[in-house]
Structure formats: C-alpha cells, structure tokens
Number of protein chains: 2
Amino acid sequence: MAYATRALGALGDPTRRIIFEGLAKRPRAVGELARGLPISRPAVSQHLAVLKAAGLVTDRADGARRLYRVDIAGVDAIRAWLDQFWDRTLDAFKAEAESH
Amino acid sequence: MAYATRALGALGDPTRRIIFEGLAKRPRAVGELARGLPISRPAVSQHLAVLKAAGLVTDRADGARRLYRVDIAGVDAIRAWLDQFWDRTLDAFKAEAESH
DNA sequence: ACTTACCGTAAGTCATGGCTTACGCAACTC
DNA sequence: GAGTTGCGTAAGCCATGACTTACGGTAAGT
C-alpha cells in the first residue's frame, strides 16, 4: 500500500516516466539512458534512485556499468491500488441506483 | 495515451490522492472535502480542476453546490498504460532467457 | 601504475507548483 | 432584496524538487 503511493509519486514526474518506458523495452545502463535525454547523467542517476525506492526498477552491477531494469513489483502495487476504485465506484453507483 | 500521462501526473500529488480516495467512497461537494483536509477550500477546488482535466473525476451541479465523483475513464487510462509494461518486460525476460 | 570509462553523492541554484488571501458570481433562505 | 452559503478564479508567496557542477570511488584497458 505504501509502495503504491510511492510508485505513483515516482511516476508523477514526466522525465521519470520516459526513463521507465525506456527500461521497459530493454535493460539499460545509466549513461546509455542519459545520452538519449536532454538532462545530465547525475540527474538520470537521481531519477533512478527514486524509481528504485518505489520498487519500480532494480539495478545490477555489470562491470563498471550498472544495469537497470523494470521491476514488476511497483507496477503491481499501482494495479492493486487502482483495483480498489473499480469496486468502490461500482458500489457507489449501485447504492445510488437503489436509493430511488 | 495522453490521458494516461496526465492522470499519472495528477495522482502524483499526495493531497490529490487523498481527495480521489475520498470521492471513491461517495460523491462529495467541494466544501465537504475541504472540511476534512488541512488545506483551504480554493486549494481543493484547484486540485479538483487538475483531476477533472486528467479524466479522473466528473462534476455535476447540485443547487449552489457542485458534486464531484470518480470517473473511471482516467483510472482505465492508467490501467492501459500499465498493461504495456507487463507485456514488454515479459518479452524482455523471455528474450534474455533464450539468449543463453 | 596510469589512463579512461562509468557511476553515485554532495552542495548549491532555480523554476515549478501547491497554498493562501481576496474577489466576484450564482443559488437558496427568510 | 438583503443576507448566507457554496463555488471558481486571480494574484502572489513560498517550499519542494529537479537540475547542474564538482568530487571521489570502482572497474576495465594499455
């Protein structure tokens, strides 16, 4: 649950969404991501730290490089959070329909 | 698609998430929401405008009041956006498994 | 060992956006 | 019609956070 809120907060930033979408296609290193973006490499590194804390990516050492990939855990946390609203809003509609 | 990015941007703010969760239980008026929050009524009004632009809520006039309720469209847009990553990351795993 | 490549962290700057107060407008009450 | 309630918008303030440069540390190459 707390994971879902942090994941939503992380994906609230447009740059982080682009980075996340880039990692979805295939795992990449930090510098590789930075070259395709209009921001510096440390900025990408900071974004990746936020995504990692939200359970949206995992990192793995690969020599001097560091490969990042998408972590399904964070995606699933958002999914579970969204599922609440389907049920609740349907109940709200039902309750309203019965009230008249 | 553009709806999904705006919806994610909207739910990136913790206060908007609380407002959104409040509306999920039952439709509410602006002032009613503001009384349960530590911020002013205009602030709530501005948050609702953002949620509305993201397709996450709809509003309806009720006398002098204005009732807001959850709109499934925005929720569904995020869902569709998330679905991409399930497929892509699974493909990435599969491709990596086959490569050795 | 020296150099090069790749990365994370620290410190500082600056803009985005969330919040407030003030205002004007519509709807309901008496 | 005067007063009250409920709401949206405008203007301005201020804190959060995104970004930069600078630095140190590890791994591979020559």
Side-chain angles (χ1 to χ4, degrees), chain A residues 2-23 26-71 74, chain B residues 2-23 25-71 74 78:
Chain A
Y3 250 117
T5 63
R6 260 195 300 186
L8 282 168
L11 290 179
D13 181 71
T15 303
R16 277 196 288 268
R17 281 196 297 270
I18 295 177
I19 293 176
F20 190 67
E21 289 176 352
L23 292 178
R26 60 184 164 83
R28 289 183 214 262
V30 182
E32 187 183 354
L33 283 167
R35 286 183 209 104
L37 293 173
I39 59 177
S40 69
R41 183 192 52 74
V44 175
S45 211
Q46 291 165 6
H47 280 305
L48 287 170
V50 175
L51 290 172
K52 182 180 177 181
L56 286 165
V57 301
T58 59
D59 58 337
R60 172 170 62 90
D62 174 45
R65 305 194 312 166
R66 183 156 277 266
L67 291 180
Y68 283 82
R69 68 173 60 223
V70 167
D71 185 4
Chain B
Y3 250 118
T5 63
R6 260 195 300 185
L8 282 168
L11 290 180
D13 181 72
T15 303
R16 277 195 288 268
R17 281 197 297 271
I18 294 177
I19 293 176
F20 190 67
E21 290 175 351
L23 292 178
K25 297 172 186 171
R26 59 183 165 83
R28 290 183 214 261
V30 182
E32 187 183 354
L33 284 168
R35 285 183 209 104
L37 294 172
I39 59 178
S40 69
R41 185 192 52 73
V44 174
S45 210
Q46 291 165 6
H47 280 305
L48 287 170
V50 175
L51 290 173
K52 182 181 176 181
L56 286 165
V57 301
T58 59
D59 57 337
R60 173 170 61 89
D62 174 45
R65 305 194 313 168
R66 183 155 278 266
L67 291 179
Y68 283 82
R69 68 173 60 222
V70 167
D71 185 3
I78 298 180

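Side-chain atoms are counted along with the backbone in the values below, which use heavy atoms only and exclude waters and symmetry mates. Proteins come first, then strands; the chains are lettered A, B, ... in the order of their sequence lines, and each starts at number 1.
- Summarising the geometry of Leu56(B) relative to Ala10(B), their closest heavy-atom pair is CD1-CB, 4.0 Å, with the distance given to 0.1 Å.
- Rounded to a whole Å, the CG atom of Leu37(B) is 10 Å from the P atom of dT20(C).
- Here the P atom of nucleotide dT26(D) and the CZ atom of Arg60(A) are 21 Å apart, to the nearest Å.
- Between His47(A) and dC19(D) there is a side-chain N or O to OP1 or OP2 distance below 4.0 Å.
- For Arg17(B) (side chain) and Gly12(B) (main-chain N/O), a donor-acceptor pair under 3.5 Å exists by modelled atom type.
- Between Asp13(A) and Asp62(A), the residue whose closest nucleotide on DNA chain D is further toward the 5' end is Asp13(A).
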Check: protein-nucleotides 7-10 of chain D nitrogen or oxygen pairs below 3.5 Å:
from   : atom 1 : to       : atom 2 : distance (Å)
dC7(D) : OP1    : Val30(B) : N      : 3.0
dC7(D) : OP2    : Gly31(B) : N      : 2.6
dC7(D) : N4     : Arg41(B) : NH2    : 3.4
dG8(D) : OP1    : Tyr68(B) : OH     : 2.5
dG8(D) : OP2    : Ser45(B) : OG     : 2.2
dG8(D) : O5'    : Ser45(B) : OG     : 3.3
dG8(D) : N7     : Arg41(B) : NH1    : 3.2
dG8(D) : O6     : Arg41(B) : NH2    : 3.0

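- Rounded to an integer number of Å, the gap from CG of Leu11(A) to C1' of dG17(D) is 16 Å.
- In this structure, the CD1 atom of Ile39(A) is 16 Å from the C1' atom of dC14(C), given to the nearest Å.
- Distance check: Glu32(A) CD to Arg41(A) CZ gives 14.0 Å after rounding to the nearest 0.5 Å.
- A sub-4.0 Å separation between OP1 or OP2 of dC19(D) and a side-chain N or O of Ser40(A) is absent.
- Remark: Arg35(A) engages no residue in a salt bridge (Lys or Arg N to Asp or Glu O under 4.0 Å) (not counting sequence neighbours).
- Rounded to an integer number of Å, the gap from Leu51(B) CG to dG17(C) C1' is 15 Å.
- When the side chain to side chain contact (heavy atoms under 4.5 Å, CB included) test is applied to Ala49(A), no partner is found at least two apart in sequence or on another chain.
- Of the candidates Leu67(A), Ile19(A), Val44(A), Leu23(A), Leu23(A) is the only one forming a side-chain contact (heavy atoms from CB on, under 4.5 Å) with Arg28(A).
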